[in-house]
Enquirer: 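Quick one: structure below, then a few questions.
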Amino acid sequence: MGLDRRTLLAATAAAMAGQGAAHAQAPPNPPGELVPALPRTAPGAQLQVIDLWPGDSPGGGEGPDPNGYRFDETARGVITKVERPCLLVIRPDKPNGSAMIVAAGGGYRFIDIGNEGVPVGQMLTAAGITVFLLIYRLPGEGWDNGPDAPRQDAQRSVRLVRAQSTELGIDPARVGVLGFSAGGHLMGETAVGNQNLYPPVDAHDALPYRPALAGLLYPVITMKAPFDGTSTRRVLVGDEVTEVEMRTYSVDVQVRADTPPMFMAQAMDDPIAVCDHVLLMFTALRKAKIPAEMHLFERGGHGFGLGPPGTPVAAWPNLFLAWLRVRGFLAT
C-alpha cells in the first residue's frame, strides 16, 4: 500500500500546528548550543546537525560518554559512543524534493559513515536527493532499551524529516531509507515495522514512520540458523535466540501487504551477511506481492560501499538511481 501524498501533507501540517512560527524558523542547533562541533578532520564535520530528540532519548540508560560531543568519530569516519542520536544533512545543489535517510553499518558496534555514509550521500545529492545520515544509538552502549534503541531512532528520523519537510524543501511522501549491513537490518526493520516503539514526545510523532521505499545493501535480514552468524545477531539477541526475538528482529517474517517497495544488492561471496539473507527477503516480498528489485553480484565481499571503480558491485548505484526514477524519486 503506497503512502498518500495528500494525507501526508495534511498530517505534516497538523503536526506543525501549535509549534509557533519562531519554533518553525529556529535552526536545529540554536545559539548557545552546548554540544561542541565535531573535529574538522572528521568526515561530515561540516554538515548541518539535527538532533532526533528534544530532550533525553526514550527508554533511559546511562549511555556512553563521548567527552561532551554527540558521539565519537575517528578520522576515517567510524562512529561509536553515540550519546545524542542525530541526523547529518547533505544538501544537493539542485534539490528535487526527494529525501533519503541513510544508515551505515558496523554490526551495531560502530557506524561507518566514512565508507557507507558520506560517499553514498554525495552520490545521491548529485542526483538531487537531500540526504540525512542517521547517527543511531548502539545497543551495547548502556541504553536500557538495548536492541530497540536504534529502532526508536530510525522511526523518529523518518517522522522528523517529514515534520520539517517545509523548511527542508522535502515532499513528505518522498522520504526513503537506505541501509548497509547492520544499517540495512535497521532500515529493513523500520520499513516492515507495525508498532510504535516509543511514546510520543511531541507533535512530530503523529506522523507515519514507515518510509515510501527502502534500499538494502548486503543487509542482515534473519536471526535464523544457519544464517545467524553475524555481529548483528550477537549484539541484538545474544547466543540463544528465542522465538519471540526471532520474529521481532528477523525482517523477512514481518513483511506485510503495506510494506513499501524495496531494492536490494548483494555479493554472492559475502562471508558475513551471506546471500541467503536477501534471498529470504526477496521471497517474502514476492509472496506478499510487494514491488521489489534484487541484484546479486558474483564477487564483492561485504562492506563494499559504493564499490571499487571498475568492479561489478560498482554498478549498484546507477541501478539504484534507475529504480528510484521509476518510483518517482528522480526527475524524468
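Just so you know, these numbers use all the heavy atoms, side chains as well, and skip hydrogens, waters and symmetry mates. Counting from 1, the numbers follow the sequence of the chain as shown. Treat the numbers as computed from the prediction; the structure is a model and nothing was measured.
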Enquirer: Any salt bridge between R151 and D148, counting N to O under 4.0 Å?
Expert: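 Judged by the 4.0 Å cut-off on N to carboxylate O distance, R151 and D148 do form a salt bridge.
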Enquirer: Verify side chain to side chain contact (heavy atoms under 4.5 Å, CB included) between V255 and M281, making sure each step is shown before the conclusion.
Expert: CA-CA 8 Å; V255 171; M281 190 65 188; 3.6 Å; yes
Enquirer: From E83 CD over to S57 OG, what is the distance, rounded to the nearest 0.5 angstrom?
Expert: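 It is 7.5 Å, given to the nearest 0.5 Å.
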Enquirer: Atom CG of residue position D93 - does it have more than 12 heavy atoms of other residues, nucleotides or ligands inside 6.0 Å?
Expert: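 Atom CG in D93 is not crowded, with 12 or fewer foreign heavy atoms closer than 6.0 Å.
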Enquirer: Can any side-chain N or O of R162 pair as donor or acceptor with the backbone N or O of P172 at less than 3.5 Å?
Expert: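 Such a contact is found between R162 side chain and P172 backbone.
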Enquirer: Other members of the hydrophobic cluster containing L197, with the 4.5 Å side-chain heavy-atom rule, please.
Expert: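 Cluster partners of L197: none, it stands alone.
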Enquirer: Between R156 and D51 (salt bridge meaning N to carboxylate O under 4.0 Å), is one present in this structure?
Expert: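 Judged by the 4.0 Å cut-off on N to carboxylate O distance, R156 and D51 do not form a salt bridge.
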Enquirer: Taking ring pair (Phe, Tyr, Trp, His ring centres under 6.0 Å) as the test, write out the residues that go with H277, two or more places apart.
Expert: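 Partners of H277 under the ring pair (Phe, Tyr, Trp, His ring centres under 6.0 Å) test: none.
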Enquirer: How are the rings of Y136 and Y108 set relative to one another: parallel (under 30°), tilted (30 to 60°) or perpendicular (over 60°)?
Expert: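 Ring orientation of Y136 relative to Y108: perpendicular.
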Enquirer: Checking E293 against V326 for the side chain to side chain contact (heavy atoms under 4.5 Å, CB included) test, could you report, in this order, the C-alpha distance in whole Å, the side-chain angles of both residues, the deciding distance, and whether it holds?
Expert: CA-CA 12 Å; E293 182 166 321; V326 171; over 6 Å; no
Enquirer: Please output the side-chain donor-acceptor pairs of residues 314-323 that fall under 3.5 Å, not counting sequence neighbours, one pair per line with the distance.
Expert:
from, atom 1, to, atom 2, distance (Å)
W316, NE1, G305, O, 2.8

Enquirer: Take L324 and M100 through the side chain to side chain contact (heavy atoms under 4.5 Å, CB included) test and state the conclusion after the steps.
Expert: CA-CA 11 Å; L324 289 177; M100 194 70 62; 3.9 Å; yes
Enquirer: Using a 6.0 Å cut-off, check whether atom CZ of R299 has over 12 heavy atoms from anything other than its own residue.
Expert: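 It does not: R299 CZ has 12 such atoms or fewer within range.
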Enquirer: More than 12 heavy atoms of other residues, nucleotides or ligands under 6.0 Å from CZ of R247: is that the case?
Expert: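 No.
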Enquirer: Kindly write out the residues that satisfy ring pair (Phe, Tyr, Trp, His ring centres under 6.0 Å) with Y209, not counting sequence neighbours, or none if the list is empty.
Expert: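 In terms of ring pair (Phe, Tyr, Trp, His ring centres under 6.0 Å), with neighbours along the sequence ignored, Y209 is linked to no residue.
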Enquirer: Hey, what else clusters with F227 if you join Ile, Leu, Val, Met, Phe, Trp, Tyr whenever side-chain heavy atoms sit under 4.5 Å?
Expert: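 Its cluster partners, ordered by chain and number, are V274, L280.
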Enquirer: Verify, without hydrogens or angle tests, whether R76 (side chain) and G114 (backbone) share a donor-acceptor contact under 3.5 angstrom.
Expert: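 A pair under 3.5 Å: no.
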Enquirer: With no hydrogens and no angle check, is any side-chain donor or acceptor of R233 less than 3.5 Å from a backbone partner on M223?
Expert: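 No, because the side chain of R233 does not come within donor-acceptor range (under 3.5 Å) of the backbone of M223.
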Enquirer: Go through D205 and Y198 one step at a time and tell me if the side chain to side chain contact (heavy atoms under 4.5 Å, CB included) criterion holds.
Expert: CA-CA 9 Å; D205 289 325; Y198 60 91; 2.5 Å; yes
Enquirer: Report the hydrophobic cluster partners of V78, with the cluster defined as I, L, V, M, F, W, Y residues connected by side-chain heavy atoms closer than 4.5 angstrom, directly or transitively.
Expert: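 Under the 4.5 Å side-chain rule, V78 groups with F110.
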Enquirer: For atom CG of D56, is the number of surrounding heavy atoms from other residues, nucleotides or ligands below 6.0 Å larger than 12?
Expert: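 Atom CG in D56 is not crowded, with 12 or fewer foreign heavy atoms closer than 6.0 Å.
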